[in-house]
Each structure stands twice: as C-alpha cells, then as structure tokens.
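The structure appears right after this line, and notes come after that.
Numbered from 1 within each chain, the chains take letters A, B, ... in sequence-line order.
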Amino acid sequence: MPLLTQQIPDESDYSLVASLDNVRNLSTILKAIHFREHATCFATKNGIKVTVENAKCVQANAFIQAGIFQEFTVQEESVTFRINLTVLLDCLSIFGSSPVPGTLTALRMCYQGYGYPLMLFLEEGGVVTVCKINTQEPEETLDFDFCSTNVINKIILQSEGLREAFSELDMTSEVLQITMSPDKPYFRLSTFGNAGSSHLDYPKDSDLMESFHCNQTQVNRYKISLLKPSTKALVLSCKVSIRTDNRGFLSLQYMIRNEDGQICFVEYYCCPDEEVPESES
Amino acid sequence: MKCLVTGGNVKVLGKAVHSLSRIGDELYLEPLEDGLSLRTVNSSRSAYACFLFAPLFFQQYQAATPGQDPLRCKILMKSFLSVFRSLAMLEKTVEKCCISLSGRSSRLVVQLHCRYGVRKTHNLSFQDCESLQAVFDPALCPHVLRAPARVLGEAVLPFPPALAEVTLGIGRGRRVILRSYQEEEADSTAKAMVTEMSIGEEDFQQLQAQEGVAITFCLKEFRGLLSFAESANLSLSVYFDAPGRPAIFAIEDTLLDGHFVLATLSEPDPHSQDLRSSELQRPAPQLQAHSTPHLDDFAADDIDSYMIAMETTVGSEASRALPSDSLSPGLQALCSPGPDSEEEEDDTEPSTVPGTPPPKKFRSLFFGSILAPTHSPQGPSPVLAEDSEGEG
C-alpha cells in the first residue's frame, strides 16, 4: 500500500482545500440533513452543497458557503464526490461532539480528486488527528425543478412555532396534510392517526408569522415519515420558509445561525402524496 | 358537554391525566352535574382512580346540551395523554383548553388555544360506555393517615424506581414507616437492599392507627397521585384496613378531588400474622410479609410478572366494559364481610405446587375478592392470569 510512503502532494495538487477554525460550524449543519447514510458533495468556488435523498421523494441540501471557511479553494469548476455521511460526521466529532468551553477543534479538509479519499486534519489542543475517508462514485441527484416563479403560496415562520408541532407529530398518521390558503384557516397542519385527527392552525396575523403570501388554497399531503427527518434542521434553525408550487411540491428552507453568528441554509424538498380524497379534508 | 379550562388549571388537568395514565389504558370521561369526572382502572382491576373537577374549576362548564342526557365516553389513555404530553409546554404556551363532546360528531374535541394565536384541535374518537364506578367508602376504614403530599413524596423519593411495592405501616413510637417490599426468598444479592423511611407522628395531620398495622401496595400508582398532590400542594389521606383489603388514597380541594383505590397485598402466611402480634417492639420485621419457606423454585423468575394475580372469574370479565352495577359487590364486601363462596373455592386450592408463583396476591377490587377480616389466611392459590409490568 503506497499510501504511507507516498509523498505529501503540493497544495496545488488538491482540487479542494478548505479550512475552518471551528469544526462545529460544519458538523452542525451536516447533522441537520443526516437522515440517510450517504451524501453527495458538490464544491464550487461559492462553497459546498451536500445533498441527501430518500425514496426519490425527498431531498435535503445543506449549503455551506465559502465565507464560512477561513480558507476555501477549488481548483476545478466543480468538484463532486459521494461520501458516507455517518463516517464523515463521526470523524468531524472525533474530539467529542459536545462543545467544551474555550476549546475549538480546527479542521483542514483536502480532496485530491476523483478516486482519492477525502483527507481531514483535525486539531484540538495541539493534538492532530488525520482521517482518510474513501469517496464513492457520485450519483445523479434528483432535480425537483422547484422554480420560484411557480410558487403559489409562501409563508415564513419563526421556527419556534413549528418546533413543538413537529416534535409532537402523531406518527400513527401516515401523512402530514398542509393547508395554505389566503382565507381561513390560512396555515394548517393536520394528521389523521389512530386516535383521531389533529389540526394545528396558525393565524396569518400571528407574531410567529414573518411573512404570509398565499394566493390560492392548496391542500397537499406528504408522507410523514419523509418529513419527520426535517425536524433535525428545524431544531437548529431560527426561521423557516414554507413554499408550495403549482404541482404541490413542498420546499422547506431553514435558516440556521452558527456559533459565529453566520447564516447557513438547509433546504428540504418533498413531493406530495397521491391526490387528496374528497371526503376527508 | 362543553367545558373551558384556563390559565394554570390547564396544567392541573394535564397533571391529573398524567397520574391517571400510570394506572389504566383507557380513560372514562363522564360529565356530571357536580363536575367532570375522569376515571380509569387498570387491566387487572386491582387499581382504580378517579378525579372529579368541580364546575368552579372551569371557566365555563356545561355537563349536557340542554334537553339532552349527558354523554359519557371512553377513550384511549394514550391518545388523551398525547394532548397533554408536555407539561412544560402546557404551562408555557397554552392559554386555554376547551373540551367538548357531542353525540353528533362522535368525536371528543380538545382544543388548545396557545400563544401567538396558534390553535390545536384534537378530534379524538371515543366509545360509548357504561359508567365506571367503584364502590368504596373511606369512612368504613378503621385506619387513617393524613399528611401533606410533600412529606410522603419525599419519603418515597429514595426508593428505587424499579421497586414494585412498598409497605406502609405504623412502627414503634407511632412512627410511620415506609419500607421497600421484598419478594420472599429473594436469595439473590441484587435484591439484598431494603430501604426504609420512618416519619415521626408530628409530620402527620392525622394519624389514626395503632402500632403494628401495615399494608403493602403498588408504588407506581401511589407515586402518580403523589406527584399530582405535590404539585397542587395538597394533603393526602390514606384510608386503610387489614392487609388484602383495598386502601383508599384521597386528596381534596374546593375545586377538585381525587381518589385512588389500590389493592393491598394479602398476607398469605399465618406465620407472618404471628410475627405481627408478637414482635410489636421491633417495627422493622413486622412490616415485611414473610414467606412460606419452601418456595424455592420461582426464585429466578421475574418478580413483576406475577405481581398481580387474578381469579379466573375476573379474567373472563375484566376484558369487557363493566356495567356499573356489577362493580359494586366487590367493594361492598368491605363493609359487610359476607361469605365469598367463589373466592373460597379459589383459595382452597392445594398449596404449593413446585414452580408456582408465590402466594403474594393483589385482589381485584371489583369481583368479590376482598378478604373478609375473619377469613383465615389460606395457602397459595395458583396464578391463573398474570399481569405484566410492561403494558404501563
């Protein structure tokens, strides 16, 4: 195995180099989309996008813009690889996942290119850990074709108002039904479980409602098992934007403030369940 | 039925549901003229609990739609509990709670009006049912203890969470003693620890019981009522009689009252009776029910699994809803110890079969299973239906 003997490549040999003083600014946001084992990473000069998908119905994207990193260089136009997200997160929290006051774990991340492992150098208190994670063939990701011009209804809520709702979702219900309407009930989350149905109504003039732009009544159902993982992003976020387009596709955008006060975004797309039966509404 | 609960009372209601959920899987909700009653009974019918919230507890209370008979219903405890799941959230965000029951929609509607105008509506499906009513009368119990819930709450705090039963008795110098109940023959060293708390008479508001009396009952249910009573800062009264007869735990307030009726362990062994009378000077041993010495075979069994034994007659009836009249005879036996023919049959089974669970036995509160005080203790009867701890 020539790995041990091979020469340390020059900086310019790497197609991606990124360094970060506080690794938690990266790991926290990756945890928000960690609901499947594998993720696809795309790096451009603007930053890194990490994508996780499930059942060809839901897609989560975490955007870590270049400004979050202290150093960020991409040699090619774009760098793409697939990686085991669980392993990546384990490595990023190798010095412990809960923050110790006064100590930061610094990270330097290098990727030489197709076929090479992702190299992580983690340093805390003078101790350096080197991790090499094998990368995989990138898979094509779904294109939800969610275009802002097709958006029918859009609501921005303070996350605190949804957090409790999502943590208490009746998981015996197969679907979460989202009603968005310019008229009553404005914004309603409904579940239909074993014990009966539950509705959660938010008035449009609520203090939780940052903005309310609904043009047309839409009632769509989404598999609750697909939306539940977005709770991870929700608990980290301060605001959430909820949009639906003309096909009933749902976009949830979470605004997450990291420990240094910078803003990152995590986005979930989900396609609707089959048509809503007329009888139940 | 329609009622409206506001402010801090929402949390009180939630707390009551939490403590009821420690007992039964179904909640009986019955609007009465003198208030809203919430009741439950456990599956082996050895524990019954009810809360009655007076009309004044509510901002608005209407037992029945005018001109109609009041409805009553039975719902899954789990689904009602889920409405009140997070007490911290109830306190922080819920401003008022509206509960309504109408025959037309056949739904029990619980509406929570929260902060920021958010409104949660739960439409719970329910079943019609007969009234659930255990007949009990604290006035017929010769022994009474009354103390602030905090005193008893602090006394049970040191007991391990897994402990199933606790013995409450009066020891030397009229001190009230709470002691972890040990399964007999607990040969394993893991069970070697006994916890005992002793509370002075002065901490009690009322102590009407002579030295030497003791009862053993389930701790889980008791903790449920205690945590409610503690949060409401109320006094808890315990009314009890001889071992084997139900004990009544009661709290009262102007706005609500709560009664938990728990089966107590009957003392199977005449030997332990002897101990009680002869060793009045030593409170500790008399609080422990002693075992027949030859029951070695079950030592490795899971103690909880045969915790509550039931009679066959109970087993078949317990599975369906109880008409109210069928519930009374059992507890009436409390006051008039009549001949319990059915029970005699069960109890006169030949004693110890190898591998049989021990004679420890909680009686069902409802079906003629209350030991008459004159009834001489018999040998162990086989357990015909077990209650497993896991379903709680």
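Contact of A:Glu160 with chain B is made through the side chain alone, with heavy-atom distances under 4.5 Å. Only the backbone of A:Asn194 comes within less than 4.5 Å of a heavy atom of chain B; no side-chain atom from C-beta onward does. Contacts of B:Leu124 with chain A are made by both backbone and side-chain atoms, with heavy-atom separations under 4.5 Å.
Applying the 6.0 Å contact sphere to CD of A:Glu174 captures no more than 12 heavy atoms from other residues, nucleotides or ligands. Surrounding NZ of A:Lys228 are more than 12 heavy atoms belonging to other residues, nucleotides or ligands, all under 6.0 Å away. Counting non-hydrogen atoms of other residues, nucleotides and ligands closer than 6.0 Å to CZ of A:Arg247 gives a total above 12.
Between A:Glu164 and the choices B:Arg115, B:Lys92, B:Lys120, the salt bridge (Lys or Arg N to Asp or Glu O under 4.0 Å) rule is met once, by B:Lys120.
B:Ser125 places a side-chain N or O within 3.5 Å of a backbone atom of A:Ala195 that can act as its donor or acceptor partner.
Considering CZ of A:Arg188 and OG1 of B:Thr121, their distance stands at 6.0 Å, rounded to 0.5 Å. How far SG of B:Cys114 is from CG of A:Asp201: 10.5 Å, rounded to the nearest 0.5 Å.
Ranked by heavy-atom pairs shorter than 4.5 Å toward chain A, the options B:His122, B:Met89, B:Arg119 are led by B:Arg119.
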